[in-house]
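Down below is the structure, laid out as structure tokens.
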There are 2 protein chains.
Amino acid sequence: MRAPTERQSAPETRDRILDAAEALFVEHGFEATSMRMITGQAGANIAAVNYHFGSKDALIQEVFKRRLTELNRRRLAALDRLEAEAGGAALKPSRIVEAFFGTALEMAADTAHGGHTFMRLLGRTYTEPNGFVRQFLAEEYAEAVERFLAALYRALPDVPREEILWRFHFMMGAMSYAIAGTDALQLFAGKFDDADPERLLPRLMSFLLGGLRAPLPGQGVPGENGKGAPRTQN
Amino acid sequence: MRAPTERQSAPETRDRILDAAEALFVEHGFEATSMRMITGQAGANIAAVNYHFGSKDALIQEVFKRRLTELNRRRLAALDRLEAEAGGAALKPSRIVEAFFGTALEMAADTAHGGHTFMRLLGRTYTEPNGFVRQFLAEEYAEAVERFLAALYRALPDVPREEILWRFHFMMGAMSYAIAGTDALQLFAGKFDDADPERLLPRLMSFLLGGLRAPLPGQGVPGENGKGAPRTQN
DNA sequence: GTATGATTAAAACAATCGTTTGATTGATGA
DNA sequence: TCATCAATCAAACGATTGTTTTAATCATAC
């Protein structure tokens, strides 16, 4: 018999396992976190994971699903709001970027309900080698990426879509680092005097918008390779 | 007896193991890559890793060391060259950024000598949970980060050092994604019509410099939290 | 009280992990 | 020709992995 996925009866253990798994995954990674570590921290029996979720992989998926679905729901709701306010007109790029990345940072700032822990985990997982995790994340993100890219295309009609795509990609990277931040690779350990999370949003947003609005790279004549500086005035 | 680390006698097997490990690590991650997978792909005996390197952890370190030492050596050489040319004057920020990130992208573009594989691995490893890998990377990077930050501080005397630090952090994230790129999280799978690696450098450089030169976020009056848009004109 | 069905518990499963052992190989120099 | 020593090999080590099994426990409805 399979796990009773949609029952209202077992809230306790199931949620404790999800919370424990989330915290341990961010600390040790998926592979290095054993079922015994998870159930131990959750105060549950070793068999509980397979009973409630079916397998370790299914647990990993559920850890992401319960938060990621909500995150992208909020993102799309913010975009809906913007588009309703604009009433057919193109949106300002800054508002689009804010809706996407600001919403993520809002969740990352929520230390009370586990949002912070999860966003650190998510930041790391974008580069996760594990195939099924990647595919699952891509599916969860598909709609949001589609809608936000479309909004950016409309907002920046003069910028080649290829460039917008790349810059959206770069922005994702900057945000991941911003959130994994001071606790991921401690490359700047002890250098941050002011790691106030309140100021992270405006800091990141300035950077992202600066990158998005940067002068386009010189339309590289094929054969003139990339060694030279791109066309900027700095 | 320990491994003969500094002998000229055993080039073959040792290097084949390093190459195989590098390729497998980028594909499956450290934990999910077993000694038997490595030695199998390298055409060596299972005992060869412990003989030549001492342990799996030591092998991981060696995989990074042989490339990372060279990468940061080139970075520092590029910075030395710039400073020699400038003869005491402050450098242009664009040149500093180019010396640091351009050098990395150069190595990433080198598919012939394994540089490409390694840079994909490195991009992922910045967010590696494994403690000893993080510490090792931080040590390898310490000098380069120190010198490049100092150069940026000099080049941008009017920008608070705190902001430069954060933006350097953001740039690292954008670069990691740029390199891990199309094969990491396939969030934009099938969307890139033009993934020409020749054009990646100018594209990334424009973005990074745009972010670095972006208007500073409004000096947030404590209490005015981050929900509002930062002060940009877009 | 008794049956029902979801949940928990202890114990064991086969498989794989990183590492070690002890013997063998093959080239080197005396 | 023999000794030396780095290198390779097959085989096994104990520990840990995710998962399964079987029995016990619990609350609820009849």
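The figures that follow rest on heavy atoms only: side chains count, while hydrogens, waters and symmetry mates do not. Throughout, protein chains are lettered first and strands after them, A, B, ... in sequence-line order, and every chain is numbered starting at 1.
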Between B:Tyr126 and A:Tyr177, what is the ring plane arrangement, given parallel below 30°, perpendicular above 60°, and tilted in between? perpendicular
Residue among B:Tyr141, B:Phe132, B:Phe118 satisfying ring-ring contact (aromatic ring centres under 6.0 Å, His included) with B:Phe64: B:Phe118
Indicate, with a heavy-atom threshold strictly under 4.0 Å, whether B:Thr33 touches base, sugar-phosphate, or nothing. sugar-phosphate
Salt-bridge present (B:Arg67, B:Glu70; N to O < 4.0 Å): no
For D:dA7 and B:Thr13 - does any side-chain N or O of the residue sit under 4.0 Å from the phosphate oxygens OP1/OP2? no
Check this one for me: any side-chain N or O of A:His52 less than 4.0 Å away from OP1 or OP2 of C:dT8? yes
Please assess A:Thr117 against A:Arg120 for the test side-chain hydrogen bond (donor to acceptor under 3.5 Å, both in side chains), listing each intermediate value before the final yes or no. CA-CA 5 Å; A:Thr117 300; A:Arg120 284 170 57 199; 5.2 Å; no
Between B:Glu12 (CD) and D:dA7 (C1'), how many Å, whole number? 12 Å
Backbone of B:Phe100 reached by a side-chain donor or acceptor of B:Arg75 within 3.5 Å: yes
Under the salt bridge (Lys or Arg N to Asp or Glu O under 4.0 Å) criterion, do B:Arg66 and B:Asp19 qualify, and how do the steps go? CA-CA 11 Å; B:Arg66 81 167 165 165; B:Asp19 291 340; 2.7 Å; yes
What string of B, S and - do you get for nucleotides 9-15 of chain C, 5' to 3', if B is base contact, S is sugar-phosphate-only contact and - is no contact with any protein heavy atom under 4.0 Å? BBBB---
Looking only at side-chain N and O atoms, does B:Ser34 come under 4.0 Å of OP1 or OP2 in C:dC17? yes
